[in-house]
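Bear in mind that the values here come from a model prediction, so they are computed numbers and not experimental data. We name chains A, B, ... by the order of the sequence lines, and we start the count at 1 in each one.
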Amino acid sequence: MAKEATAKTAETLAKEQRAISVSEFFEKNRHLLGFDNPTKALLTVVKEAVDNSLDACEEARILPDVKVIIKPLEENVFRVTIEDNGPGIVKQQIPHIFARLLYGSKFGRGKQSRGQQGIGISAAVLYSQLTTGKPAIIYSKPDKNKKTHMVELKLDTTKNEPKILKEEDLEDGLKHTGTKIILEIQGKYIQSKHSVDEYMRQTAIMNPHANIRYENAAGEKSDWKRTVDKLPPLPKEIKPHPHGVEMGILERMAHNTDSRTVANFMQNDFCRVGSTSAEEMCRLAGIAPNAKPRELTSEQVRKLYDAIQKVKLMRPPTDCLAPIGEKMLEEGLKNETKAEFVNAVTRDPVVYRGNPFQIEAAIAYGGDLAKTQSGEVASDEAVQQPAKLIRYANKMPLLYEQSSCALTKAVQGVTWRRYGMNQPGGGLPHGPAVIAVHICSTWVPYTSEGKEAIASYPEIIEEIKLAVQEVARSLFQYVSGIRKTEDRAKRQKLFEVYIPELAGDLAHLTGEKKEKMEEGLKKFLKKNVAKIIEEGGDNGEAAKE
Amino acid sequence: MKKKLTAFGKTIATQAAAAENPTMDVPIRALSNIKYDKGTGLITMGEKTAKRFFFNIAHVKKFVQTVAVARVSKGLSEENKSMSLRQVFYALRRTLPGTNIDIVDEQTESDAAVEDLELMTDALREQLRINANKSGSVAGKVVIEDRGDTIDWSKLGSGGWSVPSNVESIKFKKIEAKFVVYMEKAAMWERLNEDKFWEKHNCIIISSQGQATRGIRRLLQRLSTDHNLPIYVLTDFDPWGFYIYSVLKFGSISLAHISERLAIPKAKFLGLSADDVERYGLGRHKIKFKDVDHTRLKQIEKYAWFKDNKEWQRQFEMMKKMSAKVELDAIVSKGISFISEKYLPDKIKEKDWLE
């Protein structure tokens, strides 16, 4: 028995290895892919397609027009249509992008984009196929003078290859360049904080440069008009920064590099390393600068890793990040919330483990947020609800796992009382407010593959706190400014109502004409109003002998 | 009086009509503005005044309240009627149109406005036709006349005669009593009344509940100065009790301007003193001092009229050491009628008092 068990060779093993079908892969990983339940599945399908559309438009420098329609077909079956005005997709690529898992250019590149893994949209196609058996229908028009190409696609689950069911060029397809995808899926439509509706709202906030039209499963139409006619800058790709590389990855990079010497390896494969820094690292690690990186022992890699931490380097370049920007964030938030006060801040980029990241925070306050659904100004009590927190990573709304997310923890970690807001139980502040926090990074540290919550790195928490405090401070100034104005108005009113009282009493006392005294008092108030309401009036209880 | 009130209003009215900031000079009723006259043994008021402006956010309310009281007072004098302080409070109470602001929120505000007006018009509250509630009880061998009624203080049963706010018009028709015992506790008065202490010892017993009212003070003063009766004072052994005696004898800080009409320089303190607590073994009825008691004691020992009084300073020292107070009522622990049969007769006989 023992002999048999140890006798397995590579050959016998190979015989046992069989191709795991992609449907099996999908079944095993559906929770990681965002299809754990029918509610989330519907959201994920919309999300993957919308993310792709927005990414494509931005990369092609086109102001995005995105249209999303969710049409119920029968109970728990929906037809989801997403159309954009992006660059379209060339004919040959369509099958691979939509009907092949793990195909894409986004995986692991040093560039900020919404999708990171190249798995999303094809997983949506596969999910559709597995739940309704219907093919995905793709329309694409890369050239506005040419015909629209239409493809009906399925995914061959045994081979992980696209299967084209139907393909044709249409004379009257899309009216502009772009892509349109239609999927029929099983799902569940809800209207709550985890809903597609909420996702669309939050997407509109983060993309004020986009026209977004949305028709939900209840047939209600929303239309978020573009309020900013400028695209956010396009992020650039960067090489990893030495301070952000973990030891195992450093070892793998060293062994796979094309560079011949360690000094060259450090300079070529990383950013922000010049010859001086590279030699300094080698010296500190006790490694010859011309040693071959492929031959470094694990011990040497460890020494190199330690040496890297000791050498001061410029921060990674930040043009690899694409924050949305203070003005755009304010526009987006204002447009959606119709708040009375909006303030946003974009922090300077910082590094956690050598990965550049950047935090943006915004706060919206009052206005429609302080109104009931019927449009009346809500009572103070109603206003004393927890503020709404919306979280974004690389411009994508995060709807699930709010409580375990670093963004939430950081916002709760702010002492809101200092900014004039109640914070019962140390949670979210209470008041008619929406707080938005955005982290953008070349590599967003999610807590899990589900990509719903950000891991709590101290550097990240700290940055978020600083950003949120900044907007909280400006809100506080605004609110106390209003209170001051209100106080002033109150003071003036006080005298205005006291004047007739005093004049009346004096008239009784003296028999003089009330009107005459009222007139005199009003005259004095008018003349000295600033002094009286600003400083309280003439000198205080000055004692005199 | 009407003239005084009209004059008071006229000054303000003239300023108002001339589009000036109406102001009034209010004498300051505080420790900082009183003097102790060693010669007369009285607390008197200094000359300090504070300007109160209508157009000042911190003054406007008080300003309007004071004028409103003047108006009410003038009305009373026109109709030849009077009102209690409580009724003045209600007479002033009205909500300003379009606001939730009231002219007065608490009676303490209208009471203070009345006192300010007294000072500014140089008139007594009674002249303004505003009275406090009658209070306290009196019994003894005295016959008086009050608004045409003849009243014998020895024939009023268990309740005694209540002292009105204004005792100016009371006429003493016959006084057989030889001295007066005043006490701050109504319960102690009832004890002495039940024991017919006033009959046995031919005296007058008077009580208040807490600080003596103006009516009681004026009544005691008249008995002391006009009729030459010794006035003996009984209070709790605590800073507040000592201050009740202080007010009776030297006058009060807030009414320093009328000390000559209220104070009784000949009043004698008959207990409870620190020595009484020891002599009568009341130590086991001590109530521990709280922070407020310590604070109050510290204030009192610094008052000018106590500062150089060695005997009183000794009392303050001993009280501080005990860091406790003893209530007058604790004496019943020595026997129900111990106070009337032993304590008072002994103390008076032995002249065991403080001045």
Side-chain angles (χ1 to χ4, degrees), chain A residues 377 379-381 480-545, chain B residues 2 4-23 25-28 30 32-33 46-75 78 92 94-103:
Chain A
V377 174
S379 66
D380 279 358
E381 216 168 289
S480 43
I482 292 177
R483 284 187 195 142
K484 227 184 221 167
T485 317
E486 280 173 358
D487 274 0
R488 254 184 241 145
K490 257 191 209 156
R491 285 177 169 197
Q492 185 163 351
K493 174 100 198 285
L494 185 74
F495 286 110
E496 279 164 6
V497 295
Y498 267 130
I499 285 174
E501 296 298 316
L502 180 70
D505 280 348
L506 288 173
H508 267 276
L509 259 179
T510 61
E512 306 267 351
K513 276 224 165 67
K514 183 185 171 193
E515 293 70 27
K516 205 174 125 198
M517 289 176 287
E518 239 184 286
E519 208 176 286
L521 292 169
K522 279 183 184 158
K523 210 166 131 192
F524 184 89
L525 177 63
K526 203 175 164 193
K527 210 170 114 193
N528 300 284
V529 70
K531 192 182 168 193
I532 292 166
I533 64 180
E534 293 293 339
E535 301 160 26
D538 267 317
N539 60 330
E541 299 258 352
K544 68 170 193 186
E545 289 288 336
Chain B
K2 253 173 71 182
K4 276 188 186 174
L5 290 167
T6 308
F8 168 77
K10 204 102 182 171
T11 320
I12 300 166
T14 311
Q15 290 168 329
E20 287 168 15
N21 192 350
T23 124
D25 290 314
V26 190
I28 295 174
S32 63
N33 191 34
E47 301 294 311
K48 284 182 197 162
T49 59
K51 277 219 178 296
R52 183 173 292 170
F53 292 96
F54 175 70
F55 285 112
N56 179 307
I57 205 79
H59 300 181
V60 60
K61 195 165 188 190
K62 279 187 180 178
F63 193 101
V64 171
Q65 286 167 350
T66 315
V67 175
V69 169
R71 187 192 110 157
V72 168
S73 175
K74 193 189 171 213
E78 276 165 356
L92 255 54
R94 58 178 190 269
T95 307
L96 301 182
T99 69
N100 52 7
I101 302 168
D102 238 298
I103 299 271

B:Q15 portion near chain A, given a 4.5 angstrom heavy-atom threshold: neither

Going by side chain to side chain contact (heavy atoms under 4.5 Å, CB included), name the residues that satisfy it together with A:K527, two or more places apart in sequence or in a different chain. none

Looking at chain B, which one of A:G511, A:A507, A:G520 has the largest number of heavy-atom pairs inside 4.5 Å, strictly under?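 Of A:G511, A:A507, A:G520, A:G520 has the most heavy-atom pairs under 4.5 Å with chain B.
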
To the nearest 0.5 Å, what is the distance between OG1 (B:T6) and NE2 (A:H508)?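 So the OG1 of B:T6 and the NE2 of A:H508 are separated by 13.0 Å.
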
May I ask you to decide if B:A17's main-chain N or O and A:K516's side chain share a donor-acceptor pair within less than 3.5 Å? no

Looking at B:S73, B:A70, B:G75, which has the largest count of heavy-atom pairs under 4.5 Å with chain A? B:A70

My understanding is that only one of A:K490, A:E496, A:K493 makes a side chain to side chain contact (heavy atoms under 4.5 Å, CB included) with B:T99; could you say which?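 Filter result, single survivor: A:K493.
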
Which residue in the set B:R71, B:R94, B:K61 passes salt bridge (Lys or Arg N to Asp or Glu O under 4.0 Å) when paired with A:E501?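 So the option named by the test is B:R94.
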
Would you mind checking which part of B:L5 comes under 4.5 Å of any heavy atom in chain A, side chain (CB onward), backbone (N, CA, C, O), both or neither?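 Looking at B:L5, backbone and side chain both touch chain A.
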
Can you say whether B:A13 sits under 4.5 Å from chain A via the side chain, the backbone, both, or neither, judging by heavy atoms?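 Both backbone and side chain.
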
Within-4.5 Å side-chain heavy-atom neighbours: B:V60 and A:L494: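 Contact flag for B:V60/A:L494 side chains = yes.
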
Should the heavy atoms of other residues, nucleotides or ligands under 6.0 Å from CD of A:E519 be counted, would the total exceed 12? no

State which residue, out of A:L521, A:V529, A:N528, fulfils the side chain to side chain contact (heavy atoms under 4.5 Å, CB included) condition with B:F55. A:L521

Over 60° means perpendicular and under 30° means parallel, so classify the ring planes of A:Y498 and B:F54, tilted if in between.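 It falls in the perpendicular class, over 60°.
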
Check whether B:K10 gets within reach of chain A through its side chain, its backbone, both or neither, counting any heavy atom under 4.5 Å.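 Both backbone and side chain.
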
CD1/B:I12 to CG/A:L506 distance, rounded to the nearest 0.5 angstrom? 6.0 Å

Give the intermediate values and the outcome of side-chain contact (heavy atoms from CB on, under 4.5 Å) for residues A:I532 and B:N56. CA-CA 6 Å; A:I532 292 166; B:N56 179 307; over 6 Å; no

